[in-house]
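Working notes, beginning with the structure itself.
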Amino acid sequence: MSGTAHRSGAERSYPLPHAGPDARFTESLVNSVAAVLVGNGYPRLDASADRTALESALVAFLYNPLEKRI
């Protein structure tokens, strides 16, 4: 998907600039993403380590760390 957008010259929307807490990033968001994964046949996120890893992956996708800003 992203490869197609890149080849067409479309600019990326993510990662977002991130300077602090974002009220949109909630436990409910992480739970919703987990539910979508399960709904598409992936295993449930029963272990807290799995949930923490999912949250970290979402943060990495959504936000541009301060030290990487241009």
Side-chain angles (χ1 to χ4, degrees):
M1 283 189 235
S2 63
T4 304
H6 179 69
R7 277 183 257 136
S8 70
E11 294 213 15
R12 291 182 59 176
S13 298
Y14 295 91
L16 303 169
H18 184 54
D22 185 341
R24 299 171 295 178
F25 194 90
T26 62
E27 186 175 337
S28 179
L29 174 65
V30 176
N31 290 339
S32 294
V33 172
V36 168
L37 291 171
V38 170
N40 281 281
Y42 290 91
R44 291 175 42 101
L45 280 73
D46 290 326
S48 64
D50 289 337
R51 229 173 242 299
T52 300
L54 176 58
E55 185 173 333
S56 294
L58 287 172
V59 167
F61 172 77
L62 293 171
Y63 304 113
N64 190 16
L66 291 174
E67 63 271 9
K68 292 189 178 181
R69 282 192 183 176
I70 295 174

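Here the structure is a predicted model, which means the values were calculated and not measured. All heavy atoms count here, side chains included; hydrogens, waters and symmetry mates do not.
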Test: salt bridge (charged side-chain N to carboxylate O under 4.0 Å, His left out). Region: residues 28-39. Which pairs qualify, not counting sequence neighbours?
none
Kindly work out whether a path of hydrophobic side-chain contacts (I/L/V/M/F/W/Y, heavy atoms less than 4.5 Å apart) joins Y63 to Y14.
yes
Set of residues satisfying salt bridge (Lys or Arg N to Asp or Glu O under 4.0 Å) with respect to R12, sequence neighbours excluded:
none
For a quick test of your reading: what N or O donor-acceptor pairs under 3.5 Å do the side chains of residues 49-62 make, sequence neighbours left out?
unit_1 : atom_1 : unit_2 : atom_2 : d
R51    : NH1    : N31    : OD1    : 2.8
T52    : OG1    : S48    : O      : 2.9
S56    : OG     : T52    : O      : 3.1

Could you pull out all residues at least two apart from N40 that satisfy side-chain hydrogen bond (donor to acceptor under 3.5 Å, both in side chains)?
none
Under the side-chain contact (heavy atoms from CB on, under 4.5 Å) rule, collect the residues that match up with T26, sequence neighbours excluded.
S28, L29
Is there any salt bridge (charged side-chain N to carboxylate O under 4.0 Å, His left out) pair reaching into residues 14-25, and which pairs are they, with sequence neighbours excluded?
D22-R24
What one should report as the nearest heavy-atom pair of A34 and L45 is CB-CD1, 4.2 Å
